[in-house]
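See below for the structure under consideration.
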Amino acid sequence: MTVPHSTSPFTTSLRSHLAGSLRVADAGTKVRLGGWVHRSRNLGGIVFIDLRDREGIVQVSFGTDWSTAECIAQAAAVGVESVVMIEGMVVARTGETRNSEMGSGDVEVRATVIEVVGPAETPALPVARGKGEKLPSEELRLRHRYLDLRRPELQQSLILRHRLMQVTRRHLSERGYLELETPILTKPTPEGARDYLVPSRVHPGEFYALPQSPQIYKQLFMVSGFDRYFQIARCFRDEDLRADRQPEFTQIDIEASFVRSDDILALAQGLIGALWREAGHEIPAHFERMTYQVAMEKYGCDRPDLRYGLEIKDYTETFRGIEFGITQSALAAGGRVRGIVVPGASTWSRKQVDELEAIAKGAGALGLLRVKKAEGKYDGPIAKFLTPEAQSSLALEEGSLALFVAGADRITSPALDRVRQECAIRLGLVDETARRFLIVTDFPMFDRDPESGALGAVHHPFTAPNPADMTAFPDEPHRWRALAYDIVLNGLELGGGSIRTHDYATQSRMFALLGIGDRDEQERRFGFLLEGLRAGAPPHGGIAFGVDRIAMLLSGATSLRDVIAFPKTTTARALFEGAPTQVSADEMRALHLRPESA
RNA sequence: GGGGGCGUAGCUCAGUUUGGUUAGAGCACUCGACUGUCACUCGAGAGGUCGCGGGUUCGAGCCCCGUCGCUCCCGCCA
């Protein structure tokens, strides 16, 4: 059989066109197609097969005027999800027989030949679903992933992901960034998340780790003078999972030399713009900016959703003169009273506000104080404590509800953050079509463990502290800001990075502040970075973006699993291939591992 | 590590509240009819370890204990 001529890059020696690509312009063309039987309709004298490939679906018809009886019988007998090759003529459909819901709905292929090249058993889960029909369970979809991945939605998501990767490579390459690879078998890092460990056969009792990120390697590229690096890097973290967290995930990892924060942020905005444009969205060339301090003060979190207001305000002075035990004790302990005013919420029931209080308590608050203004009067449990001065200071609008949390900022911020988000949802303030990009800067360098008081790195130990803060507060490192930044969209972190420490003395001091004061210990853990810093390191910095989340947002998927071809379950299992799995005693012995004793 | 939800036919679900004859529906599947359908339609049929194990009971899909799997959340994730 000869394959009709076509200039499509998809033309092969077996087929001429992709089924889903056929249009009216192809009418009159003889085609040979290969694809999956999406659905079929047998009307007796005429049989229809919806033939599916990655471009879409085309209707193939088998009728007595153009097909042999044997051909029609074969078409009627083939099962769904079987792979068939058909040969036929593209004809324009007329009138009622057109299907406007299909890309190829103005044509059909009148088949003269059908060959079942890959017969399918009845599929374990349906690929073609009726309108409104639910998806099979996640477990089945993962167990039969090859079938789930036939669904056009998943194919489109992965195709978009491919395009985003191509845009990334082109955008960065055009700007002088080199795509350089880093090892997957690396050195365990004591900081951060748990490592996935790989036992060494050659070196008994020693282990590699899979990288949590290529952080140190990309800094060493800068030390080596490559100047601009990027990688679409797989990263691994052995922590418990969430809907938006997989044990292995992909980052767009970027590092550049002789830069300050604004150089990296300009590049990042350009790249985000290119990615969103690829998905069909024009976005602002310059993102809004906010310091960490302002973000925490007004929104209670470091990645605020700016699609709605309900900003947090400080009501400490309003409450200072009020004889109310809860706020008095919080203020006496050095805390503040902060809150949000929710317009139109005075009608919320006691139960509805109690639910908000439960959310606040879940975030660590002792309680949620409430007062509303209805029919010109202040009302609620604390209304009778409010002096006239306090009332005029509050100045509530008619119909609004004020919610307060008292205590230290580390309590009030997360509590009010959650309450704010819930109120926005209840009031329908979240505009799903809005895109509010935000750059958050000036993160603190360190945070304190509330129990031990020990300093920890907010970003990571290689982030450079703000030199001005080091000068101004030389002995108060907890007051230092970091040269770190995050890029946020609608309350979701898309990526983050920092300018790095590039001199040995500062880096060594950072380690000391983080509890690794011993020089030998520093060398043992981070020697390969410290050596590099002593060998002539340029000022450098970078950023990393979460590819999976970006692909999820731009494809409209609701789970990371829908933009990852072969994802893991929430217990980090791969249901399709069955990993992890037990290994034989011989294999364990070769790796110098012993089974856990009872 | 902790908490919530789910698990019944190949798939999606009902049935569990109040234990009781042979566990149902839609889709898919098999057979038959049908020449313009597009979630074709119509007729007939087959299909069940009620996740698994144990217990209570004359009797368990249903009650109790344990366990496994999926999922969502808290802790965790520099």
Side-chain angles (χ1 to χ4, degrees), chain A residues 38-51 57-67 72 76-77 79-81 91 93-102 104-105 108 110 120-144 147-148 189-195 212-213 215-216 235-247 249 359 361-364 414 418 443 445-447 449 455-463 482 484 493 496 498 510-511 514-516 546 558-559 561 567-571 573 575:
Chain A
H38 190 66
R39 245 194 280 270
S40 64
R41 295 171 291 284
N42 178 2
L43 278 65
I46 187 165
V47 174
F48 299 98
I49 285 179
D50 290 342
L51 188 68
I57 293 170
V58 74
Q59 172 169 280
V60 182
S61 62
F62 301 79
T64 48
D65 290 349
W66 59 90
S67 314
I72 296 174
V80 291
E81 295 311 315
V91 298
R93 298 206 224 172
T94 55
E96 295 285 293
T97 69
R98 278 197 280 257
N99 183 344
S100 60
E101 290 176 19
M102 248 175 165
S104 68
E108 68 175 9
R110 297 200 168 165
E121 298 170 356
T122 300
L125 50 89
V127 177
R129 281 175 308 137
K131 288 166 189 158
E133 192 177 322
K134 280 192 189 171
L135 283 174
S137 71
E138 195 83 32
E139 184 179 355
L140 280 159
R141 290 177 50 201
L142 293 176
R143 202 174 292 286
H144 306 284
L147 282 175
D148 200 36
T189 51
E191 299 278 324
R194 269 189 290 273
D195 286 319
Q212 296 182 29
S213 83
Q215 180 62 35
I216 291 176
C235 307
F236 307 85
R237 292 178 191 174
D238 188 4
E239 294 291 344
D240 289 344
L241 305 177
R242 291 284 189 281
D244 61 349
R245 211 194 289 163
Q246 283 273 308
F249 58 98
I359 289 169
K361 284 181 171 173
R418 303 257 180 107
F443 283 79
M445 184 69 211
F446 303 105
D447 57 12
D449 185 305
L455 290 181
V458 168
H459 189 58
H460 58 53
F462 319 115
T463 297
E493 184 189 329
S498 64
M510 288 303 123
F511 286 139
L514 291 166
I516 316 170
T558 53
S559 164
R561 291 183 293 269
K568 305 283 191 290
T569 69
T570 49
T571 55
R573 266 190 191 286
L575 293 182

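Just so you know, these numbers come straight off a predicted model, no measurement behind them. Every heavy atom of this structure was used, including side-chain atoms; hydrogens, water molecules and symmetry mates were not. So that the names make sense, note that chain A is the first sequence line, chain B the second, and so on, each numbered from 1.
- At a cut-off of 3.5 angstrom, counting only N and O atoms as typed in the model, there is a donor on one side and an acceptor on the other between the side-chain of A:Arg245 and the base of B:C76.
- Using a 4.0 Å heavy-atom criterion, one finds that A:Pro461 contacts the bases of the nucleic acid, with or without backbone contacts as well.
- Atom pair A:Arg143:CZ and B:C11:P shows a separation of 11 Å (rounding to whole Å applied).
- Between A:Arg237 atom CZ and B:G75 atom C1' the separation is 17 Å, expressed in whole Å.
- Looking at heavy-atom distances under 4.0 Å, A:Ser137 makes contact with sugar-phosphate atoms alone, never a base.
- The closest side-chain heavy-atom distance from A:Gln59 to A:Arg41 is below 4.5 Å.
- The base-pairing partner of B:G36, taking Watson-Crick or G-U wobble contacts with both distances under 3.5 Å, does not exist among the strands shown.
- Rounded to a whole Å, the CG atom of A:Asp240 is 11 Å from the P atom of B:G2.
- Contact check on A:Arg245 versus A:Asp240 returns no salt bridge, with no Lys/Arg side-chain nitrogen under 4.0 Å from an Asp/Glu carboxylate oxygen.
- Counting to the nearest Å, the C1' atom of B:U12 and the CD atom of A:Glu138 are 15 Å from each other.
- Of the candidate nucleotides B:C76, B:C74, B:C11, B:C11 has the atom lying nearest to any side-chain atom of A:Pro126.
- Listed nucleotides: B:C13, B:C74, B:U71. Nearest to the side chain of A:Thr569: B:U71.
- A:Leu147 places its CG atom 13 Å from the P atom of B:U12, with the value rounded to the nearest Å.
- Using a 4.5 Å heavy-atom threshold, the side chains of A:Val60 and A:Phe62 count as touching.
- Heavy-atom nearest nucleotides on RNA chain B were determined for A:Phe462 and for A:Ser559, and the one closer to the 5' end corresponds to A:Ser559.
- Only the P atoms considered, B:C58 is 48 Å distant from B:C74, to the nearest whole Å.
- Atom CZ of A:Arg242 and atom C1' of B:G75 are 8 Å apart (whole Å).
- When heavy atoms are screened at a 4.0 angstrom cut-off, A:Val47 is found touching no nucleic acid atom at all.
- Counting any heavy atom pair closer than 4.0 Å across all strands shown, A:Thr571 reaches sugar-phosphate atoms only and no base atom.
- Spacing between B:A60 and B:G75 at atom P, rounded to whole Å, works out to 45 Å.
- Comparing the P positions of B:G54 and B:C50 gives a spacing of 13 Å, expressed to the nearest Å.
- Remark: A:Arg561 is in phosphate contact with B:U71, judged by side-chain N or O atoms under 4.0 Å from OP1 or OP2.
- In this structure, the side chains of A:His460 and A:Ser498 come closer than 4.5 Å at one or more pairs of heavy atoms.
- Taking atom CG on A:Leu125 and atom C1' on B:U12, their separation rounds to 12 Å, with Å as the unit.
- Remark: P of B:C77 and CG of A:Asp447 are 10 Å apart, rounded to the nearest angstrom.
- In a base pair of the Watson-Crick type (N1 to N3 plus N6-O4 or O6-N4) or a G-U wobble (N1-O2 and O6-N3), with each distance short of 3.5 Å, B:A23 is matched with no nucleotide.
- Scored by the ring pair (Phe, Tyr, Trp, His ring centres under 6.0 Å) test, A:His38 finds no partners at all (sequence neighbours excluded).
- A:Leu575 comes within 4.0 angstrom of the backbone, heavy atoms only, and of no base.
- Within 4.0 Å (heavy atoms only), A:Leu514 reaches no atom of the nucleic acid at all.
- Using a 4.5 Å heavy-atom cutoff, the side chains of A:Arg129 and A:Leu135 are in contact.
- Using a 4.5 Å cut-off on side-chain heavy atoms (C-beta onward), A:Asn99 and A:Arg93 make contact.
- If you check B:G7 for Watson-Crick or wobble pairing at under 3.5 angstrom, you find it paired to B:C68.
- Using a 4.5 Å heavy-atom threshold, the side chains of A:Asp50 and A:Met102 count as touching.
- Under the 4.5 Å side-chain criterion, counting only non-hydrogen atoms from C-beta, A:Met510 is in contact with A:Met445.
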Any chance you could list the contact pattern along nucleotides 27-40 of chain B? Use B for base contacts, S for sugar-phosphate-only contacts and - for none, protein heavy atoms under 4.0 Å, 5' to 3'. --S----BBBBBBB
